[in-house]
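Letters A, B, ... mirror the listed sequences (proteins, then strands); counts begin at 1. On a predicted model such as this, the values are computed, not experimentally measured, just so you know.
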Amino acid sequence: MNAEAVVEGYATLVYAAYTDALTSAVSMQQAISVFLHNPNDSTQLVAQHAWREARKWYAQTETFRFYDGPIDNGVTGVEGLLNAWPLDEAYVDYVAGASSVGIIQNVATYPEITRNLLVDLNEKGGEENISCGFHAIEFMLWGQDLDSVDAGKRPSTDFIAGNPINDRRRKFLELSTSLLVEHLELVKKAWSPDVHDNYRHSFIAAPADESLQKILTGLGVMAKVELAGERMYTAYDNADQEDEQSCFSDNTSDDLIYNLMGIANVYRGSMHRLAGDTLRVVSLSQLLELQHGPVAETMQQQLQKTYQSFVTMPQPFDRAIIRPDARQSVMESILAVQELGEQFATIATTLGLTINVSPTQ
Amino acid sequence: MSGGITYRKELIVVVLLASSVFAITLHACKQAASEVAMHSPTPDEALSGGDATVFDASVNAFALPVPGLSDQDELIFFVGNSFFNQNWVQSPSSTKARDGLGPHFNAKSCSGCHFKDGRGQPPATVGQLSEGFLIRLSIPGSDAHGAPLPDPIYGGQFQDHAIDAAKAEGSYEIIWEEISGTYPDGQPYTLRKPKIQFFDLQYGPMAENNLISPRVAPQMIGLGLLEAIAEQDILKAADEQDANGDGISGRPNYVWNVIENKKQLGRFGWKANEPTLLQQISGAFNGDIGITTSIFSDQHISAYQQELKALPDGGKPEMPDDDLQKLHLYCATLAVPARRNVEQTAVQKGKLLFEKIGCTSCHLPNAQTGTHPLFAVLNNQTIHPYTDLLLHDMGEGLADGRPDFLATGNEWRTPPLWGIGLFQTVNKHTFYLHDGRARNIEEAILWHGGEAGTVKAAFMQLDAEQRQQLIRFLESL
């Protein structure tokens with residue numbers, strides 16, 4: 001039991017998590033392919049379900065961000081192509097009251113929908129101009145959420161082949177999905193134990209303290225900055241559905257729970273896999289329990305408390321941030337996960353490291 | 001220039017250092033060594049924003065809050081960020097909180113022009129949504145407060161986009177004129193100068209005597225820090241009559257504070273034509289996106305465009321005060337990234353040259369913040385913005401010929417240089433100066449004229465390696 005073992009355990013877990021994220025994304029791609037082959041309400045429902053499933057596994061990987069790793073380093077990082085949000089619907093396709101807007105409708109400017117076009121247009125001319133990744137696919141599958149109770153209700157007929165705009169929409173969905181798979185393959189490969197000279201290799205070879213610092217930064221920033229700040233408080237404060245992450249599918253409550261689970265997985269060194277088994281690796285919690293019992297105890301309690309508050313938050317999230325009887329519960333979750341982030345900073349200090357859990361990315 | 005002799009001596013020392021050894025006497029060696037020691041990095045040199053510095057040189061380098069915000073303010077920062085990024089949509093719309101775009105506009109969001117809180121650029125294609133470029137319009141003369149008179153038909157700013165129910169004011173194309181030159185050492189260079197051609201004008205011809213000024217959107221970092229510098233400290237550097245005889249006469253601009261109804265020192269904008277950050281933000285909302293606030297409660301519509309008043313709006317105002325305050329906190333507390341590579345010899349030598357040839361006469365390296373009226377986290381910091389926030393005559397080459405309050409058509413505010421080495425990382429381009437004409441830092445230097453003419457000439461006299469060192473220093477900012 002030492003820091004080196006924790007670092008290696010983390011690398012194993014990251015690889016497993018990206019493997020499951022990729023596998024579930026490939027399943028989604030197959031379901032979308034079936035949907036496009038025969039667009040109807042039931043194939044659409046299956047594709048939507050496959051999106052939710054893929055989302056569940058991807059959400060657990062998000063704590064691997066925030067330290068210039070393969071997912072979000074400034075040069076080859078693909079995070080913005082995988083998961084940028086919020087998405088301006090009108091940048092992509094028709095919205096209520098504007099029937100001929102967006103990349104799909106704009107044949108004159110974009111005569112052909114291609115893979116490279118979707119990559120080039122992503123985050124072009126504004127941070128809400130999103131043309132690929134989970135939320136672009138989500139918007140394709142659900143459409144705008146104009147319903148106060150349910151998710152978006154895009155008709156499956158939007159994808160019936162033969163109509164020129166529908167054909168462009170079909171292409172958009174097909175290509176944004178294959179791009180997602182392509183980008184997940186890249187990050188998985190960067191963490192593969194079977195590839196020489198990849199990121200995993202240098203992560204394990206580096207002094208353990210350096211890599212531990214990265215691990216803790218990912219955990220702390222994910223909790224305090226990304227969850228408490230970007231994903232929860234902003235929506236809470238604006239009380240506006242546009243600010244929830246998965247606003248077309250109303251999947252945000254699940255996103256948040258699986259984000260938190262990703263944090264717990266890393267800390268505890270265990271993860272329930274897609275295949276049903278459980279992966280166990282040498283963990284941060286073990287390292288702490290050995291040397292710093294009280295700190296480990298506090299973290300364990302805070303994780304429990306945060307998890308409880310997340311799962312008891314009323315659903316869907318876009319209603320919870322508006323309902324007077326539910327807002328208090330959202331606020332409690334925000335404070336809990338903010339505190340969780342602070343405690344990762346405390347753990348770092350305990351281990352003789354320093355991490356910055358203010359926004360660093 | 002009075003410092004010429006000193007400068008030559010230093011130059012020789014640096015040349016000796018660069019070409020190193022052979023027939024250098026021991027004495028010269030000692031002298032050279034002491035020069036380097038004098039200019040090795042000072043402990044806080046990399047901390048451009050003092051305690052408000054962040055250590056991130058990634059694509060997010062301009063997007064981080066100053067350290068030390070309270071937990072509550074940090075949460076508000078994220079809310080402000082969401083307003084900064086959000087695309088506004090036309091009214092009526094199902095998204096009530098975000099409607100009110102236009103009727104005329106240049107961009108749909110703040111981040112449209114300040115992508116990742118960074119720097120805008122001239123359009124690459126005709127008719128595209130602005131990526132941080134717009135054109136100011138006026139006619140000769142000024143109003144009761146000294147502000148420029150807007151074009152009677154097109155207003156103070158040309159808006160080439162409109163909502164479905166309105167027509168855009170027209171289009172424009174930039175014609176780039178290439179200008180060749182040569183350094184004294186024979187090295188050639190090329191500059192480019194923009195000429196704006198309007199077409200498809202939808203409300204008739206513009207005023208014949210109109211004045212136009214293209215502008216790019218500056219990086220958003222450190223704005224609260226600049227606002228926290230005490231007015232008397234800025235005025236200390238002013239030398240309107242050039243009493244010290246260095247050929248440089250920094251002048252304060254005095255502009256109109258529409259909130260407090262009074263004249264005030266201008267600090268923001270390319271001509272220091274905005275007194276406060278809040279007014280700057282509200283003005284940009286109004287002119288660039290077509291969003292009203294309590295500060296600018298009327299749409300940007302001229303007397304010749306009155307039919308647009310009948311169109312639905314997104315509320316009165318479209319951006320409520322409560323939200324505007326959060327956006328204000330966001331804009332004021334964006335931190336300044338630390339310098340990179342300060343310890344590198346080339347960067348240190350470049351810094352020395354930057355001082356020696358006189359760049360620091362206007363690009364003041366050091367400033368001290370006093371008390372910010374709202375955000376205490378910005379108080380009492382030693383910062384390195386490389387600006388005096390004053391107006392300088394930059395010569396005919398750069399002139400837009402469009403006065404703005406006290407700023408003449410030749411004058412520009414010294415822009416802060418912090419962050420200029422990160423544009424490539426954050427915004428994937430290296431366009432500099434008020435209209436993005438300079439395609440790299442070197443071209444930006446070569447455009448300097450007027451009061452900066454002597455310094456520019458000194459830069460041109462440097463040898464190629466020294467010029468490169470000076471640029472390396474600027475890239476480290």
Side-chain angles (χ1 to χ4, degrees), chain A residues 66 68 72-75 77 79-80 84-91 95-101 109 123-130 144-147 224-226 228-243 247 331 334-335 338-339 341-342 356-361, chain B residues 54-61 63-69 71-72 74-99 107-117 123 125 127-132 163-164 322-323 326 335 425-426:
Chain A
F66 311 114
D68 279 345
D72 62 354
N73 74 64
V75 184
E79 206 277 332
W85 71 286
L87 174 149
D88 177 9
E89 301 101 315
Y91 183 67
V95 292
S99 58
S100 56
V101 297
T109 313
E123 297 193 316
K124 184 172 170 63
E127 294 190 39
E128 289 192 355
N129 297 347
I130 309 300
Q144 268 185 303
D145 181 9
L146 304 169
D147 192 310
K224 184 165 178 246
V225 176
E226 193 65 25
E230 300 258 16
R231 298 191 184 180
M232 298 174 75
Y233 186 77
T234 299
Y236 171 88
D237 188 72
N238 289 343
D240 184 353
Q241 177 225 41
E242 295 285 309
D243 289 309
C247 65
M331 195 61 212
I334 293 169
L335 294 174
Q338 194 176 30
E339 175 61 25
E342 294 286 2
N356 181 3
V357 290
S358 287
T360 56
Q361 291 263 350
Chain B
V54 287
F55 299 87
D56 188 323
S58 77
V59 64
N60 294 306
L64 308 177
V66 299
L69 284 183
D71 281 358
Q72 181 58 27
E74 196 174 292
L75 291 175
I76 290 173
F77 178 89
F78 294 117
V79 180
N81 183 32
S82 76
F83 290 129
F84 193 85
N85 290 342
Q86 75 178 24
N87 280 354
W88 290 80
V89 300
Q90 56 192 39
S91 304
S93 154
S94 61
T95 55
K96 293 276 169 270
R98 286 145 195 233
D99 67 347
K108 292 183 180 177
S109 65
C110 306
S111 70
C113 291
H114 305 273
F115 186 67
K116 299 276 182 198
D117 308 291
T125 57
Q128 72 175 65
L129 258 186
S130 175
E131 290 183 39
I163 59 171
D164 294 343
D322 179 46
D323 294 348
K326 288 169 185 160
T425 304
V426 176

Query - Test item: A/Glu127 side-chain N/O and B/Phe115 main-chain N/O as donor-acceptor pair under 3.5 Å - result: no
Report summary line: Rounded to the nearest 0.5 Å, the CG atom of B/Asp164 sits from the OG atom of A/Ser100 at a distance of 6.5 Å
Report summary line: Max heavy-atom pairs within cutoff under 4.5 Å with chain B, candidates A/Gly229, A/Gly80, A/Pro86, A/Gly77, goes to A/Gly229
Report task. For chain A, find which of B/Ser111, B/Ser82, B/Ala61 contributes the most heavy-atom pairs closer than 4.5 angstrom. Result -> B/Ser111
Query raised in the report: B/Lys116 versus chain A, heavy atoms under 4.5 Å apart: side chain, backbone, both or neither?
Result: both
Query raised in the report: Tell me, side chain or backbone of B/Asp322 under 4.5 Å from chain A's heavy atoms, or both, or neither?
Result: neither
Requested in this report: Pick one of side chain, backbone, both or neither for B/Gln86, based on which atoms fall under 4.5 Å of a heavy atom in chain A.
Outcome: both
Requested in this report: Tell me yes or no: between the side chains of A/Asp68 and B/Ser58, is some donor less than 3.5 Å from an acceptor?
Outcome: no
Report summary line: Nearest heavy-atom contact between A/Tyr233 and B/Ile76 is CE2-N, 4.2 Å
Requested in this report: Indicate the atoms forming the closest heavy-atom contact of B/Asn87 with A/Asn129, along with that distance.
Outcome: ND2-OD1, 2.7 Å
Requested in this report: Name the region of A/Glu342, side chain, backbone, both or neither, that has any atom closer than 4.5 Å to a heavy atom of chain B.
Outcome: side chain
Query raised in the report: Should the pair A/Asp88-B/Lys108 be classified as a salt bridge under the 4.0 Å nitrogen-to-oxygen rule?
Result: no
Query raised in the report: Side chain, backbone, both or neither: which part of B/Phe84 has an atom under 4.5 Å from a heavy atom of chain A?
Result: neither
**Report entry** Nearest atoms (heavy-atom pairs only) where B/Asn85 meets A/Glu128
**Finding:** O-CG, 3.4 Å
Query raised in the report: Rounded to the nearest 0.5 Å, how far does CG of B/Asp71 lie from NZ of A/Lys224?
Result: 5.0 Å
Report task. Starting at CZ of B/Phe78, measure out to CG of A/Asn238 and round the result to the nearest 0.5 Å. Result -> 13.5 Å
Report task. Select, from A/Ala228, A/Gly126, A/Ala90, the one with the greatest count of heavy-atom pairs under 4.5 Å involving chain B. Result -> A/Gly126
